[in-house]
Amino acid sequence: MNVGNVFFALSSLLALAGAFMTIASRSPIRSAVGLLITIVGIAALFLKLNAQFLAAIQLIVYAGAVVVLFVFVIMLLGPDAGDGEGTVARARVARYGAGAFFALLALGAAHLVSRAGGKPTLFGLVRPEHGSVEAIGSLLFRGEVIPFELATALLIVAVVGAIAVARGKPHVRREKQGSPTARMFHGPLMARDAQRPLPTKAQKAAAKAGAV
Amino acid sequence: MNMLGNYVEHYTMLSGALFTLGCIGFLVRRNVLVQLMCIELMLNAVNLTLVAFNRLHTGDMNGQVFAFFIIAVAAAEAAVGLAIVLAFYRLKSSVQSDEADQLRH
Amino acid sequence: MQAIEALFPANDYTLLAFIVLLPLLGAGVNGVFGKRLGKEAVSLLALSVIFVSFCLSVVTFLALGHAQEGETAARFYWKGWEWFHLSTQGGGNTTLNVAFSVDALSGTMALIVTGVGFLIHLYSTKYMEEDPGFHRFLTYLNLFIFSMLVLILGDSLPVLFVGWEGVGLCSYLLIGFWFETEANAAAGKKAFVTNRIGDFGLLVAMGLLLYYTGSLDWSGMEGHAKELLTPMQVWPLGSHVPAASLLPHGAEAWLNTPRYVSAATLVGLALFLGCAGKSAQLPLYVWLPDAMAGPTPVSALIHAATMVTAGVYLLCRLSFVMVLSPAAMFVVALVGACTALFAASIAFAQNDIKKVLAYSTVSQLGYMFLGVGVGAFTAGFFHVITHAFFKACMFLGAGSVIHAMHARIHDTDQSQDMRNMGGLRKYMPYTFWTFALSWAAIVGLPGTSGFFSKDEILLKAYTSFVKSPVAGNKLSDGNTTIELFSWPTWAGGLLYAIGLVTALMTAFYMTRLFIGIFFGEFKGWKIVKSWKAPAHGHDEADHGHSHAHEHAVPGQPLEGPTPHESPWQMWLPLAILGGLAAVSGFFNAAPLHITPFDHWLEPVFAKAGEAVQLIEDAEGKVPVFLALAFLAFAGGSGIAYWMYVTQKGEPARKFAEAFPRFHALVFDKWRVDEFYDEFVIGAVDSLAEFFTWGDKWIVDFVLARVSAALVSFSGTALRFIQTGRVQTYAAVMVLGLGAVGWFFVTPKVNATTHADDATGAYTVSAAPGLGYGYRWDLNNDGKWDTEEFGSQTDVSLNLAVKENRTVKLEVKNAFGRTATRSFSFVRPQPDLSGATSRLDLPSIGDGAVHRPTGLVHSLPKAGEAR
């Protein structure tokens, strides 16, 4: 029992607790905080795994940008962000059933794996520069430079897309006239058809009865 | 107890648990924001597995680089996803994923 | 003659091609351009092609006569091209060519067909003059002559069959010539369909002949005909009757005992079925009376002289096959005799003159088959020729009478009714005298052709029989032995009795017909009940005459032309045919020992003649039979004369009034057509209704609508999954993930087997997999051979003959899950049976054309004395 073991135990507990908080909180801000805790826990585990650079990136990007983004959106949404009381919980059985089924699957897989036996694999010795900035950087900029540049392009596209989707038009609340299809075909398509109204449902039924 | 954290199986089990929790959360919760957070949970679990195996096979840094790219893509995906949530909120005044059912039969 | 022989050698006799193809040319040109060419050109073309064919047939006949001497039959052969080539798996093969050949039998027949055909063509140019389909009629007639020539001049059964079907087709076209009337079209259909039933028999015979003799042309079959004398298993088909095991043991054993018949008998019976269809014997005669719906020249040509005799020709051509089966010959003779009697009985009560002649034709055809059946091929064939003359003459004479009656009474049925005729001999002398000559021939006036031919048949019916083709009357092929049918001793007497009674009846009803048409007072003066106004208006008598003609008042005398004699194109053929009917008997007058015809055909029937035998004291019976025949003629005609001339038909009327139901039954042709309609056609109709029900309720309802309903129902059910919500879809993905996981977690048991039945070595190789362990059970004891799972993937085992073993394999993967599979092996017994057909034997199959061997007369060298 040394520091490393304790560190591992604490960070894994942290990650699991954060996960539970994420999925089980009623308020979304608490879920966001849970996510933050999990991310910190994962970052700690990265440190244990000699992935220092990645731990830093995890904290900067995930905790510092993604979770902040979530919090901003929750702020924008205001009180509507949570599970409001006005909504009816639909298909509760199906949802919980699906969740339970997946849990069963996971447990079954775990059981099979444990039965498969074999010895656990111990980590070996590692070089000091394993997980350093230089190591990852050299791989990124030499071997994997194309995916790196593509990731850049992806990020730009994502930014542009997010702006395009989130901007939208000034929202005009209008009362519903049935489905969008009905609204599209509500009136005549061309002007000349305005003089000849289409038969109503009652008129169509009467014509059919007369013909028979 | 000396072995805790020094076997790759510990990390894969933890990762599996995290992934399971994230998936159950995604299937159960109706709030779109929470669902997105659960997706992030799942991605993090996968990252953990990758880095753990990279710690096992120390020949090169491929696992960590893979995790690096996953982080980048997850960030982009979160941004776009939240933009969609905002647009959806504008349409339906709600963030319940039940409301997004216009592609039904 | 030398020029002909030099130009056309016997094995490349090109004249045959001309004889056959000229009528086809006529038919083609008339058919395509007939409407534009006009009546004169069409008649000229049609008549000239037949006339040229006739002249070439005469030339061929004389050349044959010159070439044939002694015992071997001369045969001229012409090959067109190779039609098809059959080969069997055993290595045998046989080639069939489109080829024609002519010998004494077919040469005579060709003369009759083209000669009588020409006369009838000449007749038709006048008879059908006013018909709008004139060119079509002559086209069909030419086509018919072509088909008939293909039939008789064909060198092999398939070529004959082409002609056979061709004459059937032309018969259909010509019977239904006036197809706008429903009844005529139906009559044509009936003829064709009834013929088809017979054709089935002919096809079966062809198949059997090919199998047993290995070839289908006359010379090939003649050479190997003896191969037909093998027993053939006809029951059960296969090795046992399928449902017989449900019956009690005795019945099952009886049902499953194999029955054997000589192959020759099967071939003979199948051939006779074909003849029964084409030549109108019981039970397939029903089409011939209905065929009278066609124009009278058609009845004369097709249904008196040529097509219906194709069956007799076929049996004569295949005489060497028929005599191998006394059973089949007996059936032929008996059915022929019964048909003769049956048809004669129907003719007693008919009033339509064409119907009387039709039933008379069926009856005379029965005589021909009677003659052929007892082995008197020459006598039967001679009757074909004489019948062609007198029956064609009578039909043409009837046509002449109808032509005259039709000018007065435009209704078809009434103009043919005997009750409207009478006393026509003063108005139509030529028709009367030629009809009288033919009447004399058919009733058997001594000295006429009919007397000699019919009585020869009757004599031979009593004295001739077919003896057994094998010694000891037992047929064996090494495995099974069967006892063959032997000609019963009472058969001669029975057949003769039936024939004699029929001769008496024939004399009676033909005399009745003759008297009814030509003697007494003409009854057509009065308007009959179903009189229709004539097409060309006769109402010019509007000037105050005492008779009122415009209105059809029954009982009033009918205005119209008196019956008149026909033009020369119609009575000249009558004269020629009548004259031939009178004198042609002397070609084969057996009682007078003048038999050039018999001598001429002897080489053709030489092989068949070996199997035919006369009872002892045949010569002594001749005077007795001659006397009996004369009594039949005198008695029949005398009774008819007494009844219809002296007593003016009173006894007949009283008989009809005394037994009305019996009279109605005979008048309705013993209601055979109604019987067929009820049972045969009714059965087909029921089958069709069953299938309609099946189509409506099974195909339409169950297969179409129910399956459509199932699909739409399942669609409605499955649509509930399409909620449009992402969570639902994610949940379904989880389910799918479970299934995929299950697939990966279970181990797969795959193994390839290799079986070598000859040596008995069998191997099983299991497919490899990640982390798999294997466990086997090789020794059939149901328990695993080892407890542990090892890594042995291949096993092999040896089996003895007819031993079986089951090998089981169990596979375990890294997750600890197992799966099992079993393989069973049987080593079969090798097949040692050696059943083969004649076609597989190597002696046939040189691939060469089957030339007639040994029958070709060598050409005389120049200057050699004859």
Side-chain angles (χ1 to χ4, degrees), chain B residues 7-9 12-13 15-46 49 53 74 76-105, chain C residues 701-748 767-775 788-791 811-819:
Chain B
Y7 286 101
V8 79
E9 280 80 4
T12 55
M13 278 195 292
S15 166
L18 281 175
F19 188 90
T20 305
L21 286 170
C23 197
I24 291 175
F26 179 81
L27 290 170
V28 169
R29 295 298 300 263
R30 276 184 302 137
N31 194 323
V32 171
L33 291 167
V34 175
Q35 284 176 341
L36 280 170
M37 291 182 220
C38 294
I39 292 175
E40 299 299 329
L41 260 185
M42 290 194 265
L43 288 167
N44 271 293
V46 170
T49 309
F53 274 105
E77 168 233 333
V80 176
L82 287 168
I84 292 176
V85 166
L86 282 178
F88 181 67
Y89 176 76
R90 220 175 285 131
L91 193 64
K92 294 275 190 171
S93 326
S94 151
V95 286
Q96 306 301 312
S97 66
D98 284 354
E99 306 275 335
D101 61 353
Q102 294 201 303
L103 284 180
R104 64 179 294 157
H105 69 278
Chain C
F701 184 68
V702 171
L703 291 181
R705 296 216 201 118
V706 167
S707 57
L710 277 173
V711 169
S712 97
F713 176 72
S714 59
T716 312
L718 285 172
R719 234 176 281 139
F720 283 108
I721 305 179
Q722 295 272 346
T723 53
R725 299 205 299 271
V726 175
Q727 258 176 334
T728 314
Y729 299 153
V732 171
M733 275 169 69
V734 165
L735 284 172
L737 180 71
V740 169
W742 180 258
F743 176 77
F744 276 117
V745 159
T746 52
K748 313 285 168 303
L770 188 63
Y772 277 11
Y774 306 91
R775 193 156 73 164
E788 302 293 313
F789 282 85
S791 60
V811 163
K812 184 161 105 159
N813 72 353
F815 294 119
R817 310 203 56 76
T818 59

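What you are looking at is a predicted structure, and each value in this text was computed from that prediction instead of being measured. Convention: sequence-line order gives letters A, B, ...; per-chain numbering from 1.
Residues meeting the side chain to side chain contact (heavy atoms under 4.5 Å, CB included) test with B/A79, sequence neighbours left out: A/L69. A search for side chain to side chain contact (heavy atoms under 4.5 Å, CB included) contacts involving B/I84 returns A/V165, B/V80, not counting sequence neighbours.
Contacts classified as side-chain hydrogen bond (donor to acceptor under 3.5 Å, both in side chains) and involving residues 15-24 of chain B (residues at least two apart or in different chains) are given here: B/S15-B/T49.
Residues B/L103 and C/R725 are not in side-chain contact: their nearest non-hydrogen atoms beyond the backbone lie 4.5 Å or more apart.
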Practice problem: Decide side-chain contact (heavy atoms from CB on, under 4.5 Å) for B/V32 and B/S97; before the verdict, give the C-alpha distance in whole Å, the side-chain angles of both, and the deciding distance to 0.1 Å. | Solution: CA-CA 6 Å; B/V32 171; B/S97 66; 3.8 Å; yes
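Identified by a heavy-atom distance below 4.5 Å to chain B, the contributing residues of residues 707-723 of chain C are C/R719, C/Q722, C/T723, in residue-number order.
Annotation: cation-pi geometry satisfied between C/K748 and C/F743 (NZ/CZ under 6.0 angstrom from ring centroid, within 45° of ring axis).
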